[in-house]
Structure formats: structure tokens, C-alpha cells
Amino acid sequence: MPPPDILVTAALPPFLYDPLKADYRCHDYYVATDKPAFLAAQGGHIRGLVQGGHTPTTPALLAALPKLEIISVFGVGYDGVPVDYCRQRGIKVTNTPDVLTDDVADVALALILMTGRGFVRLDRFVRAGGWLERGPELTTKLGGQKVGILGLGRIGKAIAQRVEALGMAVAYTGRTRQDVPYRFVPDLTALAAESDFLVVASPGGAATRNLVNADVLAALGKKGIVVNIARGSIIDEPALVAALQAGTIKGAGLDVFADEPRVPAALLTMDNVVLLPHVGSATHETRQAMGDLCKANLDAWFRTGKVLTLVPELA
Ligand code: NAP
């Protein structure tokens, strides 16, 4: 039997792509200049698709792949995948949960420390020679402050553990109350109103688009800092920029943006904002583990007809 044909719709790191190419016939869709011609020639053979965490995959693309059996996402977020369409077609969708949880939670903790204690600003202060002229600013003690988490899933819980270790108080919101030692606040605006840090850790996609809107930011108020390690789409980015410009919130720590890698120009000059280039899972160890799991899902499917990490909507 020839190896299954796999459509690759995003650039993959060598530690994933090399083993994939060893076991499958891979087709580099993402570099094809004439995509319709590419699909006309190859689409009929394709049985698997590999994509990045937020690579958009349209129903129109999937319609050109009549034999597609599985989409294996290199990432835990699969907001780029039309899951309802896949359910109708019987296409399996897998992702890479758990293996990246700690690294992403570390980034949230770092953003809380960097924004709350002003560490990035203070680093700039030292480098610019400011310390030679005056003493550093005083910031606010983190212990005792309140962290509100939107989306207390795997990553949200790992963030909760970390901030608890700092002596911070945790509350959360989501669609359901969970059996956890943290207070559930059903309404996001109410959670923002009582939080010093509003940490966004829910999935992206249509259901959460602009959930953190101008009203939520107004409720967070001058005492509050927004931290987003989930998806840029969850925050109304123009409303966030406006709130920061008007000084109606205290600051923001952002690992993700609405139109990556483009970051709103206004944010680049703000001293109370810390910006990271979507590095939640960006360690050698975690990316390797994600790559291994991404391929293991394909291997399991084509060898046994089962997958390791089916997304919950299809379970
Ligand atoms: P998870 O375990 O599925 O947790 C998601 C949480 O969000 C759940 O607690 C869920 O609770 C809540 N949620 C889901 N839909 C919601 C909605 N419509 N409104 C409010 N809350 C909702 O996922 P995870 O592994 O923690 O990952 C979370 C997200 O982090 C991923 O989807 C991904 O986009 C992002 N991420 C970012 C990076 C990065 O590099 N920055 C890396 C990895 C992941 P309920 O079901 O009770 O609502």
C-alpha cells in the first residue's frame, strides 16, 4: 500500500515535518502558487491534513478533498477548523492538548509579573540610564490581588495554581461551574469588575469573538490589567486600544493579537503594555511534544482507525 497522501497547509518545523515526510506522501499546499490547480491535481488523493493552531481551513478547501479522513492540528486551539462541517463529513479533528499547558501558563504568569510589577518598564529604565538619575518607581504588591480567569480549562487551571502560589485570589468564568476550589462568577463583566487581573484563557472562534468588549473593559476599570494568552479574537482589540489610550484600564499583557503578526501601532509606544510574539508554547521541549502528538494522531488513525486526542465537539 502506498503511504497516505497528506495536505500540509502551514509551514511545519523540521522536527515534525521530517518524520511526517518519512511516513507519508506530503503535499505542500501552503506554498502552492496556483492553489486551484494544485487541488485539481492532488485533492482527490488526500486522506489527511496537517495545519497549525490557527491556520484557517475553509469548507471550500475541504470540499476539494473528497477522501479526507482526518485533520491533525499542530496546536491545542482549533478555531481555524470548521468543526460542524467536519462532523457532517465524518472527518476526525485532533489537536495537541496537555503537552503545552505548563508553558502557556508560565507565559501568563510572566505577563502578570511583567505588567503588575513593571519589570519590562524597569528594565528599559536601567538600560536608558534612568537609575543613574533617580530611584525606580514603586509598583503594587501582587499577593492579595484578585485574578479573574476567563476559561478555567487545562491552561486556566495551571494559571490558577501559579498565581495562588503568589498569594493571589482566583475566581473564574466560563459556560459551566466546575468542581474546583475557586469561585465561579457566571457573568464576565461582574468578574472583570472585581478583578485586578483579567486573564483570558478560553478558546478562540465564533463563540468567544470580542467577548472581552468595551463594557467588560470599563468594568475592569483603572485598577485592572488584561492578560491574554489565548486568542486575539477574544478581545475587541480597538476597544482595548481605546481603553488603554484613555487610561480607563491600568495596562495589558498580550501574547496574542487579532491579526498576527501585525500588532496595533498604538500599543507599540505604550509603557503600560507588554507585548509578546505568540510564544505560549514556544519551547524546544513543548514544540517537540506537540509535533510528536500531531504525528501520533495521524499514525494512530491510519494504523488502527482510532485517534489519540479527538476534539471534544466530535467525541
Ligand atoms: P480547554 O482545556 O478546552 O479550556 C478552555 C476553557 O474555556 C474551558 O474551561 C471552557 O469552560 C472555557 N470555554 C470554552 N468555551 C467558552 C465560551 N464560549 N465562553 C466562555 N468560556 C468558554 O483549553 P486549553 O487547553 O486550556 O487551551 C485554551 C486556549 O488557549 C486554546 O483554545 C488556545 O486557543 C489557547 N492557546 C494559546 C497558546 C499560545 O501560544 N498563546 C498556546 C496554547 C493554547 P466551559 O466549557 O465551562 O465554558
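Reckoned from all heavy atoms, side chains included, excluding hydrogens, waters and symmetry mates. Both counts, for ligands and for their atoms, begin at 1 and track the order of listing.
At a 3.5 angstrom cut-off on N or O pairs, S202 does not count as close to ligand 1. Polar contact with ligand 1: absent for T208 (N/O pair, distance under 3.5 Å). For L152, a nitrogen or oxygen atom sits less than 3.5 Å from a nitrogen or oxygen atom of ligand 1, counting backbone and side chain alike.
Residue contacts with ligand 1, taken as heavy atom pairs separated by less than 4.0 Å, involve V104 solely via side-chain atoms from C-beta onward.
The nearest heavy-atom contact from the protein to atom 21 (N) of ligand 1 is G174 CA, 3.6 Å. Looking only at heavy atoms of the protein, atom 44 (C) of ligand 1 is closest to V76 CG1, 3.1 Å. Looking at atom 12 (C) of ligand 1, its nearest protein heavy atom turns out to be G151 CA, 3.7 Å. Of the protein's heavy atoms, G153 CA, 3.1 Å lies nearest to atom 4 (O) of ligand 1. The protein heavy-atom contact nearest to atom 13 (N) of ligand 1 is P203 CD, 3.7 Å. At the shortest separation from atom 28 (C) of ligand 1 among protein heavy atoms lies A201 O, 3.4 Å. Closest to atom 27 (O) of ligand 1 among all protein heavy atoms lies I155 CD1, 3.4 Å.
A salt bridge links R183 with E194: at least one charged nitrogen is closer than 4.0 Å to a carboxylate oxygen. Note on R209 versus D236: no salt bridge recorded, every NZ/NE/NH1/NH2 to OD/OE distance being 4.0 Å or above. One finds a salt bridge joining R162 and D102 here, because a Lys/Arg side-chain nitrogen approaches an Asp/Glu carboxylate oxygen to under 4.0 Å. Taking the charged nitrogens against the carboxylate oxygens, R124 and D271 do have a contact shorter than 4.0 Å, which makes a salt bridge.
Of the candidates R154, H54, R175, it is R175 that places a heavy atom closest to atom 14 (C) of ligand 1. Closest heavy-atom approach to atom 47 (O) of ligand 1 within the set N95, V180, D79, T176: this belongs to T176.
Residue contact check for ligand 1: S281 places a non-hydrogen atom closer than 4.0 Å to it.
Counted by atom type alone, T283 and D103 present one or more donor-acceptor pairs between their side chains at under 3.5 Å. Between the side chains of D5 and H27, at least one donor N or O lies within less than 3.5 Å of an accepting N or O. Between the side chains of T57 and Q51, a donor-acceptor pair is found at a separation under 3.5 Å. Under 3.5 Å, the side chains of T173 and D187 contain no donor-acceptor pair of N or O atoms. S281 and R287 share a side-chain donor-acceptor pair at under 3.5 Å.
With respect to V120, the side-chain contact (heavy atoms from CB on, under 4.5 Å) criterion is satisfied by exactly one of L275, T115, V274: V274.
Annotation for ligand 1: atoms under 4.0 Å from non-hydrogen atoms of H278 are 39 (C), 40 (O), 41 (N). Atoms of ligand 1 lying under 4.0 Å from any heavy atom of I229, numbered from 1 in the order shown and given with element: 36 (N), 37 (C), 38 (C), 39 (C), 41 (N). With ligand atoms numbered from 1 in the order given, ligand 1 contributes 9 (O) to contacts under 4.0 Å with heavy atoms of Q178.
Counting heavy atoms from C-beta outward, P82 and L62 have side chains that approach closer than 4.5 Å.
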